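Predicted model, so just to flag it, every value in this text is computed and none were measured.
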There are 2 protein chains.
Amino acid sequence: MSSKSPGSVPPSQPRRRAVSKRSLATSLSILDAAERLFSERGYEGASVRDIAKAAGAQIASISFHHVSKETLFERVVERRASELSQLRLDALAALKQRQQPVTLDAVLSAFLRPYLEKAGAGDPQWLAYARLVAMVSADARWHTISERCFDPTAGVFIAEIAKLFPRTDSSAIAVSFIFSVSAMLSLSTSSWRIEALAGGNRQAMDQLADQLVRFCEAGMRAALEA
Amino acid sequence: MSSKSPGSVPPSQPRRRAVSKRSLATSLSILDAAERLFSERGYEGASVRDIAKAAGAQIASISFHHVSKETLFERVVERRASELSQLRLDALAALKQRQQPVTLDAVLSAFLRPYLEKAGAGDPQWLAYARLVAMVSADARWHTISERCFDPTAGVFIAEIAKLFPRTDSSAIAVSFIFSVSAMLSLSTSSWRIEALAGGNRQAMDQLADQLVRFCEAGMRAALEA
DNA sequence: CCTTAAATTGAACGATCGTTCAATATTGTC
DNA sequence: GACAATATTGAACGATCGTTCAATTTAAGG
């Protein structure tokens, strides 16, 4: 028996109301603050009190809007994941419409560039999110989130690359793809290392993006054609 | 004035004693347990109580042997760092003695293979340490540890690679090197992803190592010769 | 064997953790 | 404007955190 009454006696279900602007703003500012603090200090390192303070909200508001700390973390990751996936899939679709057959270089660009452009555009929230993606991808404790948010799109691109290497088995392709993804994520997690090892000789973000795509393209080709 | 008395009145410095076998075993078991739990749950996620319990020791023994949680973490990272650096530098030295001039492939192998062999040999402690290295390398909070433990050796290899690309500026070389290192670390952090994306088609560790070296060698060459 | 430095033990410290609650304030809906 | 669903507030909950302490046990040095 569902709660929806089909018949004679309407069980007086409490009338629903729309969310107020203030409530939505609170919910969003909590997500923003959590995005920043989780990416800076990790899951256990960021307390709900610090998140609430950074959001200008009460600690109880976090439970009210986002159930618990764990679901708050999941919602932070999920929020921009679909947007990122859509950008990647759109780029791939546009590519397949433009040129047939597609090149490995173009497929990798379709996957890598949306992340790099979002992470490098200067938006501190997207920069924090980029670090968060790297953190989730590297930690086995969050592998269910990765499976849900990132693996489906990754599977599409791996399948697309597999068409370009029909003689290579899929496991080798997946491994090379993970090499490429981790190199991409390193631009978020190791930006301080890059600055240190490079000796202050900063490069523009789009130059780094070009270098990454060239690196991954040649790397995959060498690893998969062997 | 030092505590060592040079002259007439020996100020009765308390007689020192050697460490007992039990004490040393306790200290080591704490390091081992911390290595495992830190790599599984992160720094804040692993409590000193859990570490003590896993080590079969008292919580107070952790402070006694390793001062604090933070220095315990640093000692865990430092313990095997010098061994790893030595293996890499030895491989590089042997390489330079064997062939002159050296090849990019051989230099990268000298850096990558010691890590892969230690992480893939089956020793659960080294496997945990490999994940820990990935965690430290990716987290800006531990960048002082990375600078101390890993960057010096990385600098040696970057300088060696720079000799092979005399026309390329060092920042581009450092970036490509970080791409390679992060791809290496992904074999520790994303082993579960590799198994998932590869569809159960497991590869032997040495095959993965070969694939990684080919990937990085070709990637660097393409990124640096452009 | 005796002395005593070193090490272990169990309990306790104050601080902070994530979560919950009743009371109050806000605001969409009629 | 009145009603009630929604949202905010401030305080408190028990649990766990890293650290410290005095008392006890262990074992190296003479």
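Atom CZ in B:R16 sits about 17 Å away from atom C1' in D:dA27, given to the nearest Å. When the P atom of D:dG18 is taken as reference, atom NZ of B:K53 falls 14 Å away, rounded to whole Å. Here the C1' atom of nucleotide D:dC17 and the CD atom of B:E44 are 12 Å apart, to the nearest Å. The nearest whole Å value for the distance from the CD1 atom in B:I62 to the P atom in C:dA7 is 16 Å.
The existence of a salt bridge linking A:R41 and B:D139 is excluded, since no basic side-chain nitrogen approaches an acidic carboxylate oxygen closer than 4.0 Å.
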_Can you build the contact string for nucleotides 7-16 of chain D? Use B for base contact, S for sugar-phosphate-only contact, and - for no protein heavy atom under 4.0 Å._
BBBBBB----
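A:Y129 places no side-chain N or O within 3.5 Å of a backbone atom of A:R79 that could act as its donor or acceptor partner. For the pair B:S23 (side chain) and B:S20 (backbone), a donor-acceptor distance under 3.5 Å is absent.
A search for salt bridge (Lys or Arg N to Asp or Glu O under 4.0 Å) contacts involving B:E40 returns nothing, not counting sequence neighbours.
Using a 3.5 Å distance cut-off with no hydrogens or angles, the side chains of A:D50 and A:S47 do pair a donor with an acceptor.
Ring pair B:W142/B:Y43 is perpendicular by interplanar angle, where above 60° counts as perpendicular and below 30° as parallel.
Take the nearest nucleotide of DNA chain D for B:Y43 and for B:K21: the residue whose nucleotide is more 5' is B:Y43.
For the segment residues 67-77 of chain B, residues with any heavy atom less than 4.0 angstrom from an atom of DNA chain D are, sorted by number, B:S68, B:K69.
Counting any heavy atom pair closer than 4.0 Å across all strands shown, A:A46 reaches sugar-phosphate atoms only and no base atom.
In this structure, CG on B:L127 lies 8.5 Å from CG on B:D123, to the nearest 0.5 angstrom.
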*asked:* Between A:F179 and B:F179, does the ring pair (Phe, Tyr, Trp, His ring centres under 6.0 Å) criterion hold? Intermediate values first, please.
replied: CA-CA 9 Å; A:F179 290 163; B:F179 290 162; over 10 Å; no
